[in-house]
Structure formats: structure tokens, C-alpha cells
There are 2 protein chains.
Amino acid sequence: MPQGKPTVVPDDGLTTRQRRNRPLLIVHTGPGKGKSTAAFGMALRAWNQGWPVGVFQFVKSARWRIGEERALKVLGESGEGGSVAWHKMGEGWSWSRRPGTEEDHAADALEGWEQIKRDLAAETYRFYVLDEFTYPLKWGWVDLDDVLGTLAGRPGNQHVVITGRDAPERLVEAADLVTEMGKVRHPMDAGQKGQKGIEW
Amino acid sequence: MPQGKPTVVPDDGLTTRQRRNRPLLIVHTGPGKGKSTAAFGMALRAWNQGWPVGVFQFVKSARWRIGEERALKVLGESGEGGSVAWHKMGEGWSWSRRPGTEEDHAADALEGWEQIKRDLAAETYRFYVLDEFTYPLKWGWVDLDDVLGTLAGRPGNQHVVITGRDAPERLVEAADLVTEMGKVRHPMDAGQKGQKGIEW
């Protein structure tokens, strides 16, 4: 994939360097595989820059992402690159004393978002992965206006990647970079279930 | 994304476990971002399983993938997880004494493929990333029939991920899992060039 040149030079009064270093809102959506996986792949680049990385996992499963979680934790503790903080809703957020309960998904999701707001305001991280965050938005557990307003007003140079199917149209419109992962073929179509090392 | 159940149970005489542990050929193609990034994200899961990971990078650039390369090398040397071998065409393959030259892309690509054939026959790795391998196929530098035949006949349980735009139709047909990354919006459309930590 060549670097290429921008197809349009905007009349925004910014230098190329200023535009280049703009904080990005990135969305990975669509029915195909790779939305979260690509976000964690991006986190490797952020780690390599020495940036603090914050992962917020809005899914309730012990098994998913265990490979990514262990890898990023090993990287964060390697003494090279940036730090990695990994927060997950499924086991109660790491800053929360309250264990997650089956009945409390909405409250758990909102609690995660409130922490993200605090972290964005404090510029705790430079690179955020909001994994599967489209679902609490879709289900109304987290207010989309609040999210869009918070992201639009975030200080400094904080990059945010949001993953999940069915990204709200207004989120897609607000994003700088949107990739739609389309399913062409999946082993489950041929009767195959997920396998270790591939799906988790 | 729920685990779900297979929509079809094939009449192939295999048990679920046998089907589950089938070696997969995976293709990430399409014009959007995330094809390679998702492949490197998958490599984190393979590493976590303790599998030897082999990366073959069919691009000529010193800058691309440096974050992923450093991260996977740190992981491979961490004493946890699997080993990581990273080979790149751009600087001459690691097993080759011949430095890459601008004129020799086709020969370099073919040399990489011949090594992959030897590694597949020897079951050197359990998880292969053939990064940007669609291009040498597209340009005729590597013979598609040879690739399809070699992959179909590979021994053991070796997973192979091939990335790049314009995957040949017959490669897509042969694959177990295909994701098409579609471009919805890219910062370069708004006059923004790539930036560190995001693009590399």
C-alpha cells in the first residue's frame, strides 16, 4: 500500500504537520471478522511509539481476547514501548469494587464510559481501544450525544478506536477513519466452530 | 460477537473437534485499512498459544510495520508464548545473503515463496502471515497454481493468513475465511497524510 499523496488539500489554515498530528477517531464496523483484531494490531504501533495505551473491553466473556490481552500486557511490562492498561466489563472494571453481575450490563457499560470520560479529560492515555463499544450505544445504555460531544471536545492528541457491528450513523459521520469489515466467507458457514489460536 | 452455533453441520464424517482443529487458510483483502493489522492481531493469539509464528513481509519499505515487527519480536523473546520469525523482502530475506535490489522484486518475491514452501513442508511454523502476498500473485511473480497446490497439500495443522488488495478469485475460493476490508472514510480524503503510531 503506497503512502500516496492526499487527494485534497483542505483550506483549513493548518500546516501539513498540524494536520498530520491531528487526533483521530477511528471506527471498525461491519459484519466481518477483524474489527477488534485490527484495533489491537494498531495498539502495537501505539505501544511502539511509547504511548500509554488504554483498552476498554465492552464484552462479557472470559475467553475472548485472552491472546491479545496477554500479549499487550507482556508488551506493557517489557520495559520497552508504552504502558498498557486493560479494563474489562465482564469481570468488573479494574477501578471498580463492584463485581459485574448478569443483570447489570447497562450500568456496567455506563460506568466504563464514565471512566473513559475522566481519562480523556485527564489525557491518561494516548491511544484508546473501545472494544465492542457500538453495542452499548446501539442498546441505549450509553448516550450517543454524550459520546459524540465528549470525543469532539477531547483535549490534546488522543486517538480513539471504536469497534463493533452496527456503528451508529452519526458516529460514522464523526469519525476520521472508518473501515467496514465485510464477511465474504467464514468457517462457521461450513459447520466449523471457533478454534483456539484463531478466534481467541 | 457471540460464539454462536454453526448454521450448517456438514456431512463430512468428521467430529466437531476434528473440524474445529482444521488448518485454516485466511485471506484479508479489499481496499480498506486493517488487512495486515488484523493479521498481526491474529498473530498475538497464535503467540499466546505458544505457536511458532512466521511472518513474511512482501513489501519494500523500511517504515511500514515497524511497530508490529518490534512488538512481535519483543513477544517472541519474552520467554512466554511462541517464537516469532520475521522475514522481509525489502532488506533481503533473513536467510538470504543477497541484498534486495530495486530491479529484483520479482526474483525476491519468488525467493520468499520458495522459502515458505520449504517451511510448510517442514512444518517450521504453526501460524504464517504472508503480508501483502496478493501483489506478487497479481503481478505474476509467483505462480498461483503453485501456491494453491502447495497450500492445499500442506501437512499438519498450519494456519496461513494472506493479506493484500485484489486477492485472486481462485485464492478467495480456496480460503476458509475471507474478510473484505471496505474503505468508508480515510483521513487522506480530507487532505491528511499518515502519522506515526497510526499508520506505522
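What you see is a predicted model, and the numbers here were worked out from it, not measured in a lab. We name chains A, B, ... by the order of the sequence lines, and we start the count at 1 in each one.
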Quick one: [atom1] on [X] to [atom2] on [Y], what's the gap to the nearest 0.5 Å?
X: B:K196; Y: A:Q49; atom1: NZ; atom2: CD; result: 5.0 Å
X: B:K73; Y: A:E80; atom1: NZ; atom2: CD; result: 11.5 Å
X: B:R70; Y: A:R45; atom1: CZ; atom2: CZ; result: 14.5 Å

Residue pairs fulfilling side-chain hydrogen bond (donor to acceptor under 3.5 Å, both in side chains) with at least one residue in residues 142-153 of chain B, sequence neighbours excluded: B:W113-B:D146, B:K117-B:D146, B:D145-B:R170, B:D146-B:T150
Any side-chain heavy atom of [X] sitting closer than 4.5 Å to one from [Y]?
X: A:I66; Y: B:N48; value: yes
X: B:L44; Y: A:L44; value: yes
X: A:V74; Y: B:W47; value: yes

Given the rule in the side-chain contact (heavy atoms from CB on, under 4.5 Å) test, do B:V184 and A:T179 qualify, once you have shown the distances and angles that lead to the verdict? CA-CA 6 Å; B:V184 178; A:T179 299; over 6 Å; no
Between A:K183 and B:E180, does any NZ, NE, NH1 or NH2 come within less than 4.0 Å of an OD or OE carboxylate oxygen? no
Assigning hydrophobic clusters by single linkage (Ile, Leu, Val, Met, Phe, Trp, Tyr; side-chain heavy-atom cutoff under 4.5 Å), is B:L130 placed with B:M89? yes
Most contact-rich option vs chain A, by heavy-atom pairs under 4.5 angstrom, among B:G41, B:A38, B:G30, B:G34, is B:A38
Where do A:M181 and B:K33 come nearest, in terms of heavy atoms and distance? CE-O, 4.3 Å
